[in-house]
Amino acid sequence: MLRLSRRTLLGGALSLSAGPVFAQQGAAPAPTPFRYEDVVRRARDLAGAPFDAAVPPLPEPLNRLDFDAYRDIRFRPERALLGSAGGPFRMQMFHLGFLYTRPVTVNVIRDGVPTPVPYQPQLFDYGRTKIERPLPVNLGFAGFRLHYALNNPRVFDEVIAFLGASYFRFLGRDQRYGLSARGLALNVEAKEAKDPEEFPVFREFWVEIPQGATDRAIVYALLDGPSTTGAYRFEIYPGSETTLDIGVTLFPRRSITSVGVAPLTSMYFQGENDRHPTDDFRPEFHDSDGLMIHTGAGEWIWRPIRNLPRKWISGFSDNNPRGFGLMQRDRSFESYQDLEAVYHRRPGYWVEPTGPWGEGRVELVEIPTANETHDNIVAYWTPKQPYEPGQEIALGYRMSAIGSTDDMHPGGKVVNTFQTPARASGSAEPGDPTTRRFLIDFAGGDLEFYLGDPALVQVVPSASAGRITHTFVVPNPHTRGFRAAFDVKLEAGQTTDLRAFLRAGGRTLTETWTYPWTAE
């Protein structure tokens, strides 16, 4: 039988040696390689036990680290894992401390055998943080990240990171981190403290050692939380727009009536459609400026994001959606004027189901924020039917880091949204405060063709409440498209959902712009 020695870290890679082989009554069968089905089995078994919320306290001084001290602890690049097999990926670990107090187990799979990565202080440069006493050998890690030659053949850039609860984020070429994704969102729309939002956690990971010049990495993750457990498979393809093929199997512990599948979390403070009083020199601050949806019926929808004084939840009912995502459509540096945050290089995340998701809705949650330091935007898919204990819910989707939405569909797209008080005819003074003018710039698709005869283009607006009192469309040579405008009349305190698109005759030329408005 095969005798395996203790796994150790040698030169930044896991090493596995074998002792002598003794033939007795035939060779022992080779162990079955670790697979996604093993994670599914663990999630199924775990769902039968109560959730363990206990988190062991961190030792001194890790329990007192502030943001700057935590950021000063860095993994030593020369100790990166996964390089021994000649593959293109490198793995670095995140240390525990600051907000990240729950240890996770990270395993490396080599030749089908998973081995936990042992904690070693030698893996880290602690910077100004002084460690007076030896830290426990079973301390664990907060998470990990994978590096790849994303932007330069000679440089290993961070391509994906798993850190905190079930959060992860990833990059394509020439992109900077902005929004994040999560494994699962639960009770995001909670209104009462007695039933708060739940944050399930990835408690264990398994990372396959890529062999040779493969262009993909495979990561498995085990999700755990009070309401559900789950198994996840991430197939990661770095590139100009890095993509993740994600498989999920969930096992609810209790009835889940408010579930967010493929959740995305972003920041929006100010844009051209939603300005706030500020003395900051930058015109706009956001990681995403709109929600884009491709419905099961084939319609493309664009919903600009807002920063309102109160929490706002919008739902877009659908059957078997083709895609949705939080996007950063404005790619002009002049819109942001930020040399440090470089908002114009933040990616959008686009989710495409790889199988039928049935009936449900895409939800957009907008939460007020007073600055750009807080994530206040969430988008996800929520099924029509709740998930119940005893069910095994399996689904899949592809998630991509999008640099530009220009080529995502052939129609014209919304490039600007403006609103202003509607003015009385022939007057320079504002009119009725319950009447509002909305102006939408559409560009792309075949719109430039129709600049030769603008009279052929019409705006088709609608309102769920109130009435539209005036419309017009004018060419916009600066965008090589058209500016559509319309006035909406509402009763004070009433809310309406607005929609608009451009057409020429019976032909739809653009995606559908949608926007909620409440009259003061």
Side-chain angles (χ1 to χ4, degrees), residues 34-40 42-44 89 104 106 109 143-146 148 159-172 179-186 199-208 210 214-225 228-239 241-252 256 259-266 292-294 320-327 347-358 360 362 378-383 387 392-402:
F34 188 90
R35 300 177 300 171
Y36 176 61
E37 289 73 13
D38 294 290
V39 188
V40 173
R42 295 189 185 205
R44 184 186 296 112
F89 293 90
V104 301
V106 181
I109 303 173
F144 70 96
R145 58 190 180 185
L146 296 181
Y148 180 87
V159 67
I160 189 169
F162 294 86
L163 179 65
S166 67
Y167 282 86
F168 60 94
R169 56 183 186 170
F170 59 103
L171 294 171
L179 79 169
S180 299
R182 278 189 270 174
L184 199 67
L186 296 173
F199 293 89
V201 300
F202 285 142
R203 57 181 289 172
E204 189 166 3
F205 295 94
W206 294 263
V207 183
E208 289 192 3
T214 180
D215 63 350
R216 69 170 183 173
I218 296 178
V219 174
Y220 307 113
L222 178 63
L223 184 86
D224 194 14
T228 188
T229 66
Y232 285 71
R233 184 182 191 271
F234 299 88
E235 200 165 322
I236 304 157
Y237 295 88
E241 292 184 334
T242 294
T243 61
L244 312 179
D245 285 335
I246 302 174
V248 182
T249 307
L250 299 174
F251 298 93
I256 307 174
V259 59
V261 174
L264 308 173
T265 301
S266 191
M292 189 162 72
I293 301 173
H294 190 194
N320 292 322
R322 303 186 190 185
F324 71 92
L326 292 175
M327 315 305 288
Y349 286 171
W350 180 246
V351 176
E352 298 173 279
T354 53
W357 281 11
V362 176
V378 189
Y380 49 84
W381 170 260
T382 185
Y387 292 163
E392 180 174 326
I393 300 100
L395 51 89
Y397 54 95
R398 168 168 286 188
M399 187 178 293
S400 305
I402 302 298

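- Under a 3.5 Å cut-off, the side chain of Thr242 and the backbone N or O of Leu171 do form a donor-acceptor pair.
- Side-chain N or O atoms of Thr229 include one that pairs as donor or acceptor with a backbone N or O of Ala43 at under 3.5 Å.
- Here CG of Leu223 is found 15.0 Å from CZ of Arg42. Values are rounded to the nearest 0.5 Å.
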Determine, stepwise, if the pair Leu264 / Val378 fulfils side chain to side chain contact (heavy atoms under 4.5 Å, CB included). CA-CA 6 Å; Leu264 308 173; Val378 189; over 6 Å; no
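- Side-chain contact check for Thr249 versus Tyr36: some heavy-atom pair is nearer than 4.5 Å.
- The minimum heavy-atom distance linking Pro321 with Pro353 is given by the pair O-CG, 3.3 Å.
- Taking the six-membered ring for Trp and the full ring otherwise, Trp381 and Phe324 have centroids separated by 6.0 Å or more.
- In this structure, Ile402 and Pro347 have side chains that are not in contact, with every pair of non-hydrogen atoms separated by 4.5 Å or more.
- Residues Tyr387 and Val261 form a side-chain contact, since some pair of their non-hydrogen atoms from C-beta on lies under 4.5 Å apart.
- Under a 3.5 Å cut-off, the side chain of Thr265 and the backbone N or O of Ser180 do not form any donor-acceptor pair.
- Residues Ala221 and Val39 share a closest heavy-atom pair of O-CG1, 3.5 Å.
- To the nearest 0.5 Å, atoms CD1 (Ile393) and CG (Leu395) are separated by 8.5 Å.
- Evaluated for a side chain to side chain contact (heavy atoms under 4.5 Å, CB included) with Val219, the options Phe144, Phe168, Tyr232 yield exactly one hit, Phe144.
- Contact of the Ile236 side chain with the Asp245 side chain is not registered, since no non-hydrogen atoms from C-beta on lie closer than 4.5 Å.
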Start with the C-alpha distance between Glu208 and Phe34, add both sets of side-chain angles, then the distance that settles side chain to side chain contact (heavy atoms under 4.5 Å, CB included), and finish with yes or no. CA-CA 9 Å; Glu208 289 192 3; Phe34 188 90; over 6 Å; no
Could you please spell out the steps behind the side chain to side chain contact (heavy atoms under 4.5 Å, CB included) verdict for Ile109 and Ile218? CA-CA 10 Å; Ile109 303 173; Ile218 296 178; over 6 Å; no
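- Closest approach of Thr243 and Ser400 over heavy atoms only: CG2-OG, 3.3 Å.
- Counting all heavy atoms, side chain and backbone alike, Val351 lies closest to Ala262 at CG1-CB, 3.8 Å.
- Residues Leu163 and Arg169 fail the side-chain proximity criterion, which asks for heavy atoms closer than 4.5 Å.
- For Val159 against Pro238, the heavy-atom pair with the smallest separation is CG2-CB, 3.9 Å.
- When all heavy atoms of Ala401 and Gly172 are compared, the pair lying nearest together is CB-N, 3.9 Å.
- By the 4.5 Å heavy-atom criterion applied to side chains, Met399 and Tyr397 are counted as neighbours.
- Taking Glu235 as the reference, Arg216, Arg233, Tyr237 meet the side chain to side chain donor-acceptor pair (under 3.5 Å) condition, with sequence neighbours excluded.
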Applying salt bridge (charged side-chain N to carboxylate O under 4.0 Å, His left out), run through Arg322 and Glu352 and close with a yes or a no. CA-CA 6 Å; Arg322 303 186 190 185; Glu352 298 173 279; over 6 Å; no
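- Counting heavy atoms of neighbouring residues, nucleotides and ligands inside a 6.0 Å radius, atom CZ of Arg203 does not exceed 12 of them.
- Using a 4.5 Å heavy-atom threshold, the side chains of Phe205 and Val104 count as touching.
- You'll find the ring centres of Phe234 and Tyr220 outside the 6.0 Å limit.
- Considering CH2 of Trp350 and NE2 of His294, their distance stands at 7.5 Å, rounded to 0.5 Å.
- Side-chain atoms of Asp224 do not come within 3.5 Å of backbone N or O of Val201 as any donor-acceptor pair.
- Under the 4.5 Å side-chain criterion, counting only non-hydrogen atoms from C-beta, Val40 is not in contact with Asp38.
- Going from atom CG of Leu222 over to atom OG of Ser166 covers 12.0 Å, rounded to the nearest 0.5 Å.
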